[in-house]
Amino acid sequence: DTLQDIKTRGKFICGTMGTAEPFSFQDPKTRAIVGYEVDMCQAVADSLGVPLELKLIAVEARIPELIAGRVDVVAANLGWSPERAQQIDYSHQHFVSLQKVLARESDKDLKAPADLAGKRVSAVRGSSSEQGARKFIPNVEPVTFKDPSGAFLALQQGKVSGFVGSELMLVKLKQQAATSAVPAKILEPALFVEPWGMGVRRGDTAMLNQVNQVLDGLEASGKAAQIFDKWFGAGTPFNMKRDFRIEAIKG
Ligand SMILES: NC(=O)CC[C@H](N)C(=O)O
């Protein structure tokens, strides 16, 4: 749909995770889907003068839903990769993430991702983590799950020795595991770094320009840094400093 179609329709539809704190997750009190990526989508909706509608999508459905036109953009932990960049266009990066491995605290012989060579690991189906597991850990064919919860459960049940995923997802799961029977640890070093952008349909130049203009505006005004601090800064479970800018992804 063109920008005019979206204005006529009267809503901007953004595909998002809904399960990934603090990017897009359910607020325990209000039950609304909130988060960093939701704020970014809201800014685009505001720029178009229409309300934001969130559509929750699984990791493996992100690119298919976008290509099929069932969402206007995808803001769903979407890492840039050369393969994906053949299928869709990417906005400027709005986050930069590490990919790491979560293991059981009790597995003392597992210190680095390389120690998982030839072992079983889990990953979310259709994620860059699935591909990264194959690429960066020798002799690994990941067991995949539709949702992060399944991949995490497999680790806790001892069905796999590691769970490859985005760092902040693993940070939250590690916190969750700390009070369970199976505490977890994050292995260092990271497997790889990935810039995240909003996914836009290939050739939808008007939408791509609109999103980039909004993101660049948030960067220039300092609003992007404020939104970052709100979700990742001191007083949040992540306590992070911003070490990237919103800018074009250098592929
Ligand atoms: N599982 C994950 O790490 C989240 C998705 C991942 N960032 C991707 O782009 O596929």
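Counting starts at 1 for both ligands and their atoms, in listed order.
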Query raised in the report: Should the proximity of Glu130 to ligand 1, defined as any heavy atom under 4.0 Å, be assigned to the side chain, the backbone, both, or neither?
Result: neither
Query raised in the report: Quick one: does ligand 1 sit under 4.0 Å from the side chain of Ser129, the backbone, both or neither, non-hydrogen atoms only?
Result: side chain
Query - Carboxylate-amine/guanidinium proximity below 4.0 Å for Arg125 and Glu130 - result: no
Report task. Taking only heavy atoms of Met169 into account, list the atoms of ligand 1 that are under 4.0 Å away from them. Result -> 1 (N)
Query raised in the report: Can you list the atoms of ligand 1 that are under 4.0 Å from a heavy atom of Arg84?
Result: 8 (C), 9 (O), 10 (O)
Query - Side-chain donor or acceptor of Arg62 paired with backbone N/O of Val59 under 3.5 Å - result: yes
**Report entry** Ring-face cation of Arg242 near Phe244 (centre distance under 6.0 Å, axis angle within 45°)
**Finding:** yes
Heavy-atom nearest neighbour in the protein, as seen from [atom], with distance rounded to 0.1 Å:
atom                   : answer
atom 5 (C) of ligand 1 : Asn77 O, 3.5 Å
atom 3 (O) of ligand 1 : Ser166 OG, 2.5 Å
atom 8 (C) of ligand 1 : Ser128 OG, 3.2 Å

Query raised in the report: Any chance CZ of Arg120 has more than 12 other-residue heavy atoms, nucleotides or ligands included, within less than 6.0 Å?
Result: no
Query raised in the report: Is Gly165 close to ligand 1, meaning an N/O of one under 3.5 Å from an N/O of the other?
Result: no
Query - Plane angle bin for Phe232 and Phe95 - parallel if under 30°, tilted between 30 and 60°, otherwise perpendicular - result: parallel
Requested in this report: Check whether any heavy atom of Met17 sits under 4.0 Å from an atom of ligand 1.
Outcome: no
Query raised in the report: About how many Å separate CD of Glu247 and NE2 of His94, when rounded to the nearest 0.5 Å?
Result: 14.0 Å
Query - Partner of Glu141 under salt bridge (charged side-chain N to carboxylate O under 4.0 Å, His left out), chosen from Lys119, Lys135, Arg134 - result: Arg134
